[in-house]
Amino acid sequence: MKDILDAIQSPESTPADIAALPLPESYRAITVHKDETEMFAGLETRDKDPRKSIHLDEVPVPELGPGEALVAVMASSVNYNSVWTSIFEPLSTFGFLERYGRTNELAKRHDLPYHIIGSDLAGVVLRTGPGVNAWQPGDEVVAHCLSVELESSDGHNDTMLDPEQRIWGFETNFGGLAEIALVKSNQLMPKPDHLSWEEAAAPGLVNSTAYRQLVSRNGAGMKQGDNVLIWGASGGLGSYATQFALAGGANPICVVSSEQKADICRSMGAEAIIDRSAEGYRFWKDEQTQDPKEWKRFGKRIRELTGGEDIDIVFEHPGRETFGASVFVTRKGGTITTCASTSGYMHEYDNRYLWMSLKRIIGSHFANYREAWEANRLIAKGKIHPTLSKVYSLEDTGQAAYDVHRNLHQGKVGVLCMAPEEGLGVRDHEKRAKHLDAINRFRNI
Ligand SMILES: C/C=C/C(=O)SCCNC(=O)CCNC(=O)[C@H](O)C(C)(C)COP(=O)(O)OP(=O)(O)OC[C@H]1O[C@@H](n2cnc3c(N)ncnc32)[C@H](O)[C@@H]1OP(=O)(O)O
Ligand SMILES: NC(=O)C1=CN([C@@H]2O[C@H](COP(=O)(O)OP(=O)(O)OC[C@H]3O[C@@H](n4cnc5c(N)ncnc54)[C@H](OP(=O)(O)O)[C@@H]3O)[C@@H](O)[C@H]2O)C=CC1
C-alpha cells in the first residue's frame, strides 16, 4: 500500500506507472461481521452502538470483473446507510449480499461473511477491467453509489428503475470505507479539482439524493420562488437541499434542533429558520396518537416566516415523527417528497388533507446516473459546496458512525482512508481560493 500511496502523491507519476504498480494481496477495510448480526437483539435503536459492530479488518483484494475498476481510496465519508448496516436495521445487509450473490458467478464475490461498507469515495483508479475505455489507471475520481445491471428495459429511461438496482457499499460489498474499493466503472466521475480528497468524498451520496429529490423532474422539480420546508437542514441531506433551494431561487424554510445549527443555516444564506427544540413541537401525544393542534402551530409559524404562504415542497426524511405535519403544512397542489424514515417507516397522516387539497407524495431514492453526474458537476463548478465538519481516521470510523447515529454531528463526517492527512489532493488552487469560505463553512463546528 505504501508504494501505491507514494506513486499517487508523486507529481511525476504517469498513468503507466500507476498501472504497473503491483496490487497488494490484502488491504484494510471497515466491515461488519455476519456472525454478529444478532449482537444488538432486544436493544432500543438508539442504544445500538456502531462502535461495537464496526471492525477494521485486513481483507483480500477482490477479483476485477468486466466493466469494473479498483480504486485506491484516499478518503470516504459516513452516510446514514452505514449506520443502518452497523446496527442491522431495518434488516441485516447480509441478506442483500446473499441475494446479489445468487444472481451470477461474478456477483458471488459479494456474498462473504463480512461486509465492507461505505458509499462514497474520492481516490485514484488503480486498475480497470475488460471493456472499460473511459477511465484509466491514475485518473483522480469520485464514485457515486448507484450499481445497476441494465439488462432489463425497465431502467433504460431512468437507471434508478432497474430491477437490479443496488446501493454500492450497502447492498453490495467492497464499499468505500477502505483503502481499496471495487466499483462499476460507470459509477466513476471526475474528482472536483479544487477540493481535497476528504472534501471531494463528502457530498456524493447525499448531494445526488437531494438533487433528485428536490431539483430533478423525477423528484419535486423545484422552481424559483417555491417555499421549501427542509427537515434537518444542516444535516447530511438537508445541508445540500438548503444549498439547492438557495441556488435555485427558492425560499428554504429550514428546520433544525439547536441555535448552533440555526446559525449554520443562516451562514448558508437561509433566512427562515425553525428551531424545533426551542419551539418544542410534539406532533405525537403518545406512540399512537398525533396532535393536529401541533401541526397547526407549526403551520402558523411557517406562515409567519413566509408572509402568510404555505409550503410548495416538503423535503422529508425523518419519517414517522414528522410526516403527518409535513402533509398538513403543504399548500394546495403541493408536493411532499420523501427518501427515508429515520424515526420510523410506518407513517400516519390525515389523508383528507392530501386528497381534498390535491397534494402529492413522491418517493425518491438516490439518483440515476445522469442526476448523480449533474450533482457532481455542480460541486466541480463551485455552485454547491461540501459540508464537511469533522474528519476521522479509518480506525475511528466506529466513533464517526456513532456520532451520526446519535445526531452529534453537523453536515457530513469524513474519513481518511489512504490519505495520510487532511488537505491533500487540491489541484486548482485559484478556484479553491474563490470558494474557500463556503468550503470551510461547516469545518470544526
Ligand atoms: C443511498 C442511500 C440510501 C439510504 O440511506 S436508504 C435508508 C436505508 N435503507 C433502508 O432502510 C431500506 C432497507 N431495505 C428494506 O427494508 C427492504 O429491502 C424492503 C422493505 C425495501 C424490501 O424488502 P424485500 O424483502 O426485499 O422485499 P419484499 O417485497 O418485502 O419481499 C419480497 C417478496 O415479496 C414478493 N412481492 C413483491 N412485490 C409483490 C407484489 N406486488 N405482490 C405479491 N408479492 C410481491 C416478492 O416476489 C418476494 O417474494 P419471495 O420472497 O417469495 O421471493
Ligand atoms: N433514499 C436515499 O437515497 C437516501 C436516504 N437517506 C436516509 O435519510 C435519512 C437522513 O440522512 P442524512 O441527512 O444523511 O442524516 P443526518 O443525520 O446527517 O441528518 C438528518 C437530520 O434530520 C434531523 N432529524 C433527525 N431525526 C429527526 C426527527 N425525529 N424529527 C425531525 N428531524 C430529525 C436532524 O436535524 P436536527 O436535529 O437539526 O433537526 C438531522 O441532522 C437517513 O435515514 C438516511 O438513511 C440518506 C441519503 C439517501
Side-chain angles (χ1 to χ4, degrees), residues 45-46 77-85 87-93 95-96 98-100 102 117-120 144-147 160 163 165-171 175 202-213 219 229-242 254-265 273-279 281-284 298 314-326 337-346 363-368 371-372 387 389 400-401 403-413 442:
T45 298
R46 67 173 274 114
S77 86
V78 174
N79 284 295
Y80 215 101
N81 64 349
S82 290
V83 174
W84 294 122
T85 304
I87 61 172
F88 310 107
E89 283 197 24
L91 28 78
S92 154
T93 48
F96 300 139
E98 285 164 16
R99 195 182 289 183
Y100 191 20
R102 285 196 293 270
I117 60 176
S119 301
D120 274 319
H144 68 67
C145 62
L146 173 58
S147 165
M160 278 306 292
Q165 180 271 319
R166 292 181 175 82
I167 297 298
W168 160 70
F170 179 67
E171 291 157 310
L205 183 148
V206 283
N207 183 46
S208 310
T209 305
Y211 181 85
R212 181 182 176 108
Q213 188 177 347
L229 180 72
I230 302 172
W231 291 104
S234 70
L237 288 168
S239 57
Y240 293 89
T242 301
C254 295
V255 187
V256 291
S257 64
S258 72
E259 192 45 40
Q260 189 189 26
K261 290 179 173 186
D263 281 344
I264 297 173
C265 293
I273 295 162
I274 297 177
D275 180 341
R276 67 184 173 97
S277 295
E279 297 182 25
Y281 296 105
R282 292 199 50 191
F283 300 128
W284 290 82
F298 186 57
V314 183
F315 187 83
E316 246 292 340
H317 51 88
R320 182 171 173 82
E321 194 160 319
T322 55
F323 206 81
S326 291
T337 172
T338 174
C339 75
S341 293
T342 312
S343 65
Y345 48 75
M346 286 300 186
S364 192
H365 186 38
F366 189 60
N368 65 30
E371 289 159 344
T387 60
S389 57
D403 287 1
V404 174
H405 181 32
R406 298 301 285 265
N407 198 14
L408 301 172
H409 67 301
Q410 321 280 359
K412 288 288 303 176
V413 174
F442 281 67

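What's counted below: heavy atoms across the whole structure, side chains too, no hydrogens, waters or symmetry copies. One-based numbering, in listed order, for ligands and for the atoms of each. The model shown is predicted, which means the values in this text are computed figures rather than measured ones.
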Check: Which bit of Asn79 is near ligand 2, meaning a heavy atom under 4.0 Å away: side chain, backbone, both or neither?
Finding: neither

N/O pairs closer than 3.5 Å, ligand 1 and protein:
unit_1, atom_1, unit_2, atom_2, d
ligand 1, 26 (O), Arg99, NH1, 3.1
ligand 1, 26 (O), Arg99, NH2, 3.1

Next item on the list: Would you kindly specify which portion of Val83 sits under 4.0 Å from ligand 2, judged on non-hydrogen atoms: side chain, backbone, both or neither?
Entry: neither

Note to self: I need the contact type for Ala340 against ligand 2. Using non-hydrogen atoms and a strict under-4.0 Å cut-off, is it side chain, backbone, both or neither?
What the structure shows: side chain

Check: Do Ser119 and Asn81 have side-chain N/O donor and acceptor atoms under 3.5 Å apart?
Finding: yes

Check: Judged by atom type as modelled, is there a donor-acceptor pair below 3.5 Å linking the side chain of Arg320 to the main-chain atoms of Met346?
Finding: yes

Margin query: Test of understanding: with side chain to side chain contact (heavy atoms under 4.5 Å, CB included), list the residues that count as partners of Arg406, not counting sequence neighbours.
Written below: Arg46, Tyr402, Leu408

Checklist line | Thr209 contact mode with ligand 2 (heavy-atom cut-off under 4.0 Å) | finding: side chain

Margin query: Applying a heavy-atom cut-off of 4.0 Å, say which part of Arg276 lies close to ligand 2: side chain, backbone, both or neither.
Written below: side chain

Notebook entry, point to check: Hey, is ligand 2 close enough to Thr322 that some N/O pair sits below 3.5 Å?
Noted result: no

Note to self: With a heavy-atom distance limit of 4.0 Å, tell me whether Pro318 approaches ligand 2 through its side chain, its backbone, both, or neither.
What the structure shows: side chain

Next item on the list: Quick one: look at Asn407 and ligand 2, take heavy-atom pairs under 4.0 Å, and tell me if it's side chain, backbone, both or neither.
Entry: side chain

